[in-house]
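Below: the structure, in structure tokens.
Computed from heavy atoms alone, side chains included, the values below leave out hydrogens, waters and symmetry copies.
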Amino acid sequence: MDYKSSLIPDGNAMENLEKQLICPICLEMFTKPVVILPCQHNLCRKCANDIFQAANPYWTNRGGSVSMSGGRFRCPSCRHEVIMDRHGVYGLQRNLLVENIIDIYKQECSSRPLQKGSHPMCKEHEDEKINIYCLTCEVPTCSLCKVFGAHQACEVAPLQSIFQGQKTELSNCISMLVAGNDRVQTIISQLEDSCRVTKENSHQVKEELSQKFDTLYAILDEKKSELLQRITQEQEEKLGFIEALILQYREQLEKSTKLVETAIQSLDEPGGATFLSSAKQLIKSIVEASKGCQLGKTEQGFENMDYFTLDLEHIAEALRAIDFGTDEEEEEEEFTEEEADEEEGVTTEEHQ
């Protein structure tokens, strides 16, 4: 059995195989050595080195001193990030299987006869192959078109040289685009980091702000409890004084009531001697009881508690004025205070 013939079949299979052997950078068949990336995609080592150098411009290649640090680039096929050591792309493993398949493919292609129609033909001269490129009109054409046809006065060049030049230019553009994509990806990563740091910083300042307001709440609650306690203490003292007076007046009223009852009974006494024996002492007790009515009293406005009123408007205004300050504003305030102090010092010296 012919191994090569079974490996490279005829027809569309050859075309499909050729597509699998195309480098995604230079868009040509892989040029040995072929390197395999960690993501299992293949590149020409030269193309891999081009995009690696574009993504890491400060990395020194083998022509100069070897860099002690590696670099990174992204696979052009799947965008997987490939991390290199100090050897760069020369540290990547060669894909010998792909290189062998390329050799077999090329041998098979060279042994096959050129099929009719495999080379584009000129539309004006059907038997002439397109083999030159018109630089003036920027179209491929044939030699007869240059000698006898529409491109006699045009400037032309060999098709192969223009073909290679255009492919090289396209490969360079691809390398630049891949490097640009890597830079964009780096910027995206930096912006994502900025989002994360912004969220973390916002959470931190929110926590600090909440703690400061909680401290203010605690101070206000403590002060509120203290003032309420003072009012309660004053209330208890006043109520104690008033209740003591009430008790004294009730005792006095009870004594007076008993004296009135005794006096009324004495008035009902029919005997003069009996009446007189108790009347003098009774009158004396009533006079003393009358004098006792002049007990302590509360002063006018004694029950008033208005002196516990607070004027908190300036504090409320200060609370409403709470805002985030910047370092610039603090510096301006400090500078203004320093200027005021200097002016005050100058004025004092002038007066002296």
Discussion item. Does K46 have more than 12 heavy atoms from other residues, nucleotides or ligands lying within 6.0 Å of its NZ?
Written reply: no
Worksheet entry | Reported CD-to-CZ distance for the pair E81 and F73, which is rounded to 0.5 angstrom | 10.0 Å
Item to complete: Tell me, please, which residues at least two apart from E99 pass side chain to side chain donor-acceptor pair (under 3.5 Å).
Response: R94
Practice prompt. Is it possible for you to say whether L191 and V184 belong to one hydrophobic cluster, with membership spreading through side-chain heavy-atom contacts below 4.5 Å?
Written response: no
Discussion item. Under 4.5 Å between side-chain heavy atoms, counting indirect links through other Ile/Leu/Val/Met/Phe/Trp/Tyr residues: same cluster for L228 and L312 or not?
Written reply: no
Item to complete: Look only at the side chain of S175 and the backbone of I51, and say whether a donor-acceptor pair between them is shorter than 3.5 Å.
Response: no
Worksheet item: Are I132 and I162 grouped together when hydrophobic residues (ILVMFWY) are joined by side-chain heavy atoms under 4.5 angstrom apart?
Response: no
Worksheet item: What distance do I219 atom CD1 and D214 atom CG have between them, rounded to the nearest 0.5 Å?
Response: 11.0 Å
Fill in: For E234, side chain to side chain donor-acceptor pair (under 3.5 Å) partners two or more places apart
Y307
Item to complete: Check whether more than 12 heavy atoms from other residues, nucleotides or ligands sit under 6.0 Å from atom CD of E317, and answer yes or no.
Response: yes
Worksheet entry | All side chain to side chain donor-acceptor pair (under 3.5 Å) counterparts of Q248, not counting sequence neighbours | none
Practice prompt. Please lay out, stage by stage, how T136 and H151 fare under the test side chain to side chain contact (heavy atoms under 4.5 Å, CB included).
Written response: CA-CA 9 Å; T136 305; H151 300 283; over 6 Å; no
Worksheet item: Salt-bridged, K258 to E261, with N to O below 4.0 Å?
Response: no
Practice prompt. Could you tell me which residues satisfy side chain to side chain donor-acceptor pair (under 3.5 Å) with K167, sequence neighbours excluded, listed by chain and number?
Written response: none
Worksheet item: When you measure from the side chain of Y133 to the backbone N and O of V156, does any donor-acceptor pair fall under 3.5 Å?
Response: no
Worksheet entry | Linked, directly or transitively: F163 and L135 (ILVMFWY side chains, under 4.5 Å) | no
Discussion item. Given 3.5 Å as the limit, does a donor-acceptor pair link the side chain of N172 with the main chain of T168, or not?
Written reply: yes
Worksheet item: Would you call the rings of F302 and F241 parallel, tilted or perpendicular if under 30° counts as parallel and over 60° as perpendicular?
Response: tilted
Discussion item. Tell me the closest heavy-atom pair linking I322 and F213, and the distance in Å.
Written reply: CG2-CZ, 4.5 Å
Discussion item. Are there over 12 heavy-atom neighbours, none belonging to R79, within less than 6.0 Å of that residue's CZ?
Written reply: yes
Worksheet item: What's the spacing between Q211 CD and T215 OG1 if we round to 0.5 Å?
Response: 7.5 Å
Worksheet entry | Separation between NE2 of H203 and NZ of K199, rounded to the nearest 0.5 Å | 13.0 Å
Worksheet item: Nearest 0.5 Å, what's the CD1-CG distance between I174 and N181?
Response: 11.5 Å
Practice prompt. Give the intermediate values and the outcome of side chain to side chain contact (heavy atoms under 4.5 Å, CB included) for residues Q166 and L170.
Written response: CA-CA 6 Å; Q166 288 289 315; L170 181 58; over 6 Å; no
Validation: residues 20-44 side-chain donor-acceptor distances under 3.5 Å, sequence neighbours left out:
| unit_1 | atom_1 | unit_2 | atom_2 | d |
| --- | --- | --- | --- | --- |
| K32 | NZ | D103 | OD1 | 3.2 |
| K32 | NZ | D103 | OD2 | 3.2 |
| N42 | OD1 | N95 | ND2 | 2.7 |

Discussion item. Tell me whether Y105 shares a hydrophobic cluster with L97, the cluster being built from Ile, Leu, Val, Met, Phe, Trp, Tyr side chains joined at under 4.5 Å.
Written reply: yes
Item to complete: Hey, could you give me each pair passing salt bridge (Lys or Arg N to Asp or Glu O under 4.0 Å) that has a residue in residues 183-198? Not counting sequence neighbours.
Response: R196-E200
Discussion item. Looking at E207, I want to see if its CD is surrounded by more than 12 non-hydrogen atoms of other residues, nucleotides or ligands under 6.0 Å.
Written reply: yes
Practice prompt. Could you give me the CA-CA distance, side-chain angles and deciding distance for Y249 and K297, then say whether side chain to side chain contact (heavy atoms under 4.5 Å, CB included) is met?
Written response: CA-CA 10 Å; Y249 276 101; K297 296 181 180 179; 3.6 Å; yes
Worksheet entry | Spatial distance of atom OG (S194) from atom CD1 (I188) [nearest 0.5 Å] | 12.5 Å
Discussion item. Between R72 and D182, is the side chain to side chain contact (heavy atoms under 4.5 Å, CB included) condition met? List the steps.
Written reply: CA-CA 9 Å; R72 61 186 65 196; D182 288 340; over 6 Å; no
Worksheet entry | Q300 CD: over 12 foreign heavy atoms closer than 6.0 Å | no
